[in-house]
Structure formats: C-alpha cells, structure tokens
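Worksheet for the structure shown next.
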Amino acid sequence: MQLGWVDYSRQERETIKELLKVLGESSSLDELGVGIVRDSISDLLYPGTSVLHTRAKYYILIPELFKKAMNSGLTTGSEVRRLIDSDQDAIARVLRRAIDEETGTKAAGIIGGRSDRAVKMKPTRIYWNALRTTGILCNSALSYDDACSAVAGYNKRKQNIEFKKETDDDGGDAADALSSSFTLFNAPCRQTIDQYMQSPTLYLSKDEALYLNDQFLRVPIMKNTLMEYCLKTNTSFLGVSLNDINEMTNMSEELRNRLELAKEFANFIYGAYTVYNLLFWENGGEYATEEAKKNIESRYAEWKQVNIGLPHREEILKLVNGHEHYKAALRDFLVHFEAAVNANTTDLCSDEEKTLVKARERSCKREKAKIGRDYPFGEIQTIPMNYRHGTGQTIISDILKGLEKDNG
C-alpha cells in the first residue's frame, strides 16, 4: 500500500516525514493492507480525529496562537510560523510543570510532554486537518503555511492602514473593514496566549466546551457518527471498549449498522493478525519465547471459538470510497482467508492460513515485508482494532466535563 499526500509545500512534506517518524517505520503501518477500511470506518465513527490527537483543548489553543500572531506585527510567513512554533514549545513547557487537578500527576495528553526540547510534531500540524473537518478553520483550502502567510499579509496591510490613520481621517474606517474581513477561525478566543501561560491547563472552560459541542454538531460530517451521538446524549464511553458498546434505544439505525460492521471487521481481521504474529514469531529474536508462542496460539484458539466470519464483507467494503484496486485485492484476501479458516476444523492455525497471510504481507509491503526476513519478532495488533475509539472518547469526555462546569 502506497502513502501519498497533497503537495501543498516543502514544509508540509517535511511534516509528513516527521509524522512517519512519530508513528514508526512506515513499513509497519499496515502489514495486511486493511488500512483503507480501518480509516474509513474511523472517519464514520469519529470524524475530525487522528491517532495523534490527545485532548480537545488544542482545538481552542491553535486559533488563540494565530490571534496572538495577528497582533505581532510580523510581516512574513516564516516569521509568523516561527512565532507560533515557539509559542507551542512554550505551551508544552508550562504544561509539563502543571499538575493535573484531578490525579495529582503530570497533566496527561501534553503534545511534546516527554522532552524538554522543542516539540517535533507541533499541535498545529497534528490538528490542522481536524480544524478543517470540524469547520473551525473558516477556509478549508488553507494549509498551515498558507495561514501563516495570510496572517503576515494581514499584518502588513494593517501597518499600512496605521500609517494612513496618522495622515487621513478615514484610516479608522479602513482598519475596521480590514479586521471584519479577515477571519481565519470561528473559535471564540476569549483568552490570550499570555493569559493562558499564567494558568495552563488542558481542561476546557464551560464556554470553550459549549463552543466545541455546538461546532461539532453543526458540521454535516458528524451526522450519524458516534461523536454526534455521545455529544447529543451527554454519553461517554471512555474506558469502554468499542466491542462492548451495545445498541442504544435512541441511536440512529445508520449508526447502529456502522457499529456492527466495525465490530465484525475488527474481530475477523484480528484473527488474521494473530496468524501474522505466529509467522512473525518464527523470525526469532529476544521476544520470540516459547511462552510468547503459547500466548498467541491460545488467543488464536479463543478467536476461532467465537469467530463468526465476515458475512457482511461487501457492506463493509462499500464504506470505503474509491480505492477500487485496493478493495479488489483486499476482497480476494478476505474471501480466501475466511474459506481457509472455515476449512480448518482444529483450534490450531492451519498452513493454508499462514500461506495466505504471508502472501498478503508480501503483496502489500513488497521489499518491506518482515515475515521470513531479518526482522526480530515483536507482536502487533494484540487486540482488535478500535478505530480511534480511545482518542475520540477522550475528546468527547473533555467536552462533556467542560459542559458540567460553572462559568464562574
């Protein structure tokens, strides 16, 4: 499976490279080529989220960073970007010193919280697409670099107007017109970054929570999602696995169907990943112990007992828009793997299942395939995939907790 991105700028390309470093070696991202289904279902349950997201507060902080930049007087995009990046490093530092008000431990979810050095992957980069998706960014076509350049242009025009005000009575009207015509974000921005630095937190105020709740529910992409359901019904599934979420009486039929398809695919493909781990174990290495092998074989036997197959395979594949070539290859693998599992009357993994999984990895990863090559064993996907469930529920929980607060 190939990875690509829209070619906005050199800076954005560098961001993608850094992102891959954070995620780990790119060859380990999707061993069995199921990412197109996983990501499509994730977007249908938790749109506007990423596995790199941590807390809802960053949806608020980023517009505030730009508001500060709009009052900085900086007139080049690179200067604006350096200011915002520097402020993000400073936020990480003050948050690291902050004590979590509930647990007494260091605040959880700090981006860049593990190092005293500059934050490699800035919140602006991590959350930018989410700001587009949720409509917080007014012009979804703008990249982060575009926005920095737009702020620089705004500052330059504002300086020209300030100069005009000294010589022309109409300068004030021009300044008002400029201010009203330039809006990057629709977030409230009631607190300046300097004020935030005095009392840093990753918790939302009630006003901020109200804004995010209303904004998330306003955008069409949230319709019939688990994000919408939780915010509308004041429900949190934090700490509850996706598999344990059952149908709720006021859940839409479309969302119920999405949930069932998500569970079916996750539970089925978990078996294929268990077979993958058995094959990977054969590579050897420090962690390739007999105990590890027994644990994997035990999980396979447990999966085999509860496996229902993939009766809604075509419905699941229809959740993916486009990617017809990838879907065709994935469909072929799913059909043959399911047939091999059904033909296996034991609780031990069959040679046919292993052959299919090994071939699938070779087809997807080519020279980056690990099975049978010089890669030491390390288990992957030890539980069914959760479609960003933990991330989504953390964001939801942050909003719901904020809504419970008194404005005072």
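Atom set for the values below is all heavy atoms of this structure, side chains included, hydrogens, waters and symmetry mates excluded.
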Donor on one side chain, acceptor on other, [X] and [Y], under 3.5 Å:
X	Y	result
E79	T76	yes
Y276	E31	no
H53	Y127	no
Q159	T75	no
E254	N257	no
E208	Y59	no

For [X], is the [atom1] atom crowded, meaning more than 12 foreign heavy atoms sit under 6.0 Å from it?
X	atom1	result
D374	CG	no
D351	CG	no
R366	CZ	no
E291	CD	no

Backbone N/O of [Y] and side chain of [X]: donor-acceptor pair under 3.5 Å:
X	Y	answer
K304	T346	yes
N71	K67	yes
S149	D145	yes

- Residue pair L255, L45: steps toward the side-chain contact (heavy atoms from CB on, under 4.5 Å) verdict: CA-CA 8 Å; L255 177 55; L45 297 178; 4.1 Å; yes
- Message: Once you measure the plane-to-plane angle for W303 and Y300, does it fall in the parallel (<30°), tilted (30-60°) or perpendicular (>60°) bin?
- Response: tilted
Charged N-O contact under 4.0 Å between [X] and [Y]:
X	Y	answer
K358	E282	no
K365	E361	no
K327	E324	yes

- Query: Is P47 close to M222 at the side-chain level, that is, under 4.5 Å between some pair of heavy atoms?
  - Reply: yes
- Query: Any side-chain heavy atom of K68 sitting closer than 4.5 Å to one from T192?
  - Reply: no
What is the distance from atom [atom1] of [X] to atom [atom2] of [Y], rounded to the nearest 0.5 Å?
X	Y	atom1	atom2	answer
S140	I136	OG	CD1	13.0 Å
L310	L317	CG	CG	7.5 Å
L226	M251	CG	CE	6.0 Å

- Item | Cation over ring face, R55 and Y203, 6.0 Å, 45° | yes
- Message: Using salt bridge (charged side-chain N to carboxylate O under 4.0 Å, His left out), reason through E260 and K263 one step at a time and then give a plain yes or no.
- Response: CA-CA 5 Å; E260 290 309 306; K263 294 177 189 178; 3.7 Å; yes
